[in-house]
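Proteins come first, then strands; the chains are lettered A, B, ... in the order of their sequence lines, and each starts at number 1. Predicted model only: the values in this text are computed from it and were never measured.
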Amino acid sequence: MKYWLMKTEPEMYSIDNLKEDKRGSWDGVRNYQARNFMMEMQKGDLVLFYHSNTKTIGVVGIAKVIKESYPDHTAYDKKNEHFDPKSKKENPTWYMVDVEFVKKFKNTVTLEEIKNNKKLKDMKIVQKGNRLSVTPVSKKEFQTIVEMSQ
DNA sequence: GCCAACGTTGGC
DNA sequence: GCCAACGTTGGC
């Protein structure tokens, strides 16, 4: 089993939205590296749910992959903000996965706390200038984050 | 295939 | 709202 971190802006879609919906499709990813990571995801993989671009930045909870990558249909929809004319149904450019709500942390593990933890210095989100919305996380890093949330 | 211009992301 | 750091685009 693998572990991941996925970023979202809570104004757009927060952990509370996922909790309410129980499950959600992670569509709209239009970055090749992030897409490639999504295509590696397997059913049962766990995801650190990260809030960016907000007051309290950090990991707010856990989600689980329940459907492995499949073509992102929002790329074909002209009215969708993520429409991409280059993505063809015969040969899709973009993919998405489905995730399920697992838990919301009692305490958000903030970016500041992550930065201050030497064990987490290799995480992509603490390295400067990283803008990837989907990144792999090691088992150790995942467990450390979970411990920090308690 | 290079690279300048432009757009986006995301922390502050 | 600013701006640094990237990714993407398009002219040559």
### Message
Checking side-chain polar atoms at under 3.5 Å, does A:N17 have a donor or acceptor matched by the opposite partner on A:S14?
### Response
yes
#### Entry: Whichever of A:N53 and A:Y32 has its nearest DNA chain C nucleotide further upstream toward 5'
A:N53
### Query
Given side chains that start at C-beta, do those of A:P136 and A:Y3 come closer than 4.5 Å, heavy atoms only?
no
### Message
Is the shortest side-chain heavy-atom distance between A:M6 and A:M41 below 4.5 Å?
### Response
yes
### Message
Need two values: the first and the last nucleotide of DNA chain C, 5' to 3', having an atom under 4.0 Å from any heavy-atom of chain A.
### Response
C:dA5 to C:dT9
### Message
Students often get this wrong, so: under 4.0 angstrom with heavy atoms, is A:K55 touching a base, only sugar-phosphate, or nothing?
### Response
nothing
### Query
A:E9 near the nucleic acid: base, sugar-phosphate alone, or nothing, with a heavy-atom cut-off under 4.0 Å?
nothing
### Query
Any idea how A:F49 and A:W26 line up, ring-wise: parallel (<30°), tilted (30 to 60°), or perpendicular (>60°)?
perpendicular
### Query
Linking I/L/V/M/F/W/Y whenever their side-chain heavy atoms sit closer than 4.5 Å, directly or via other members, would A:L120 and A:V134 fall into one cluster?
no
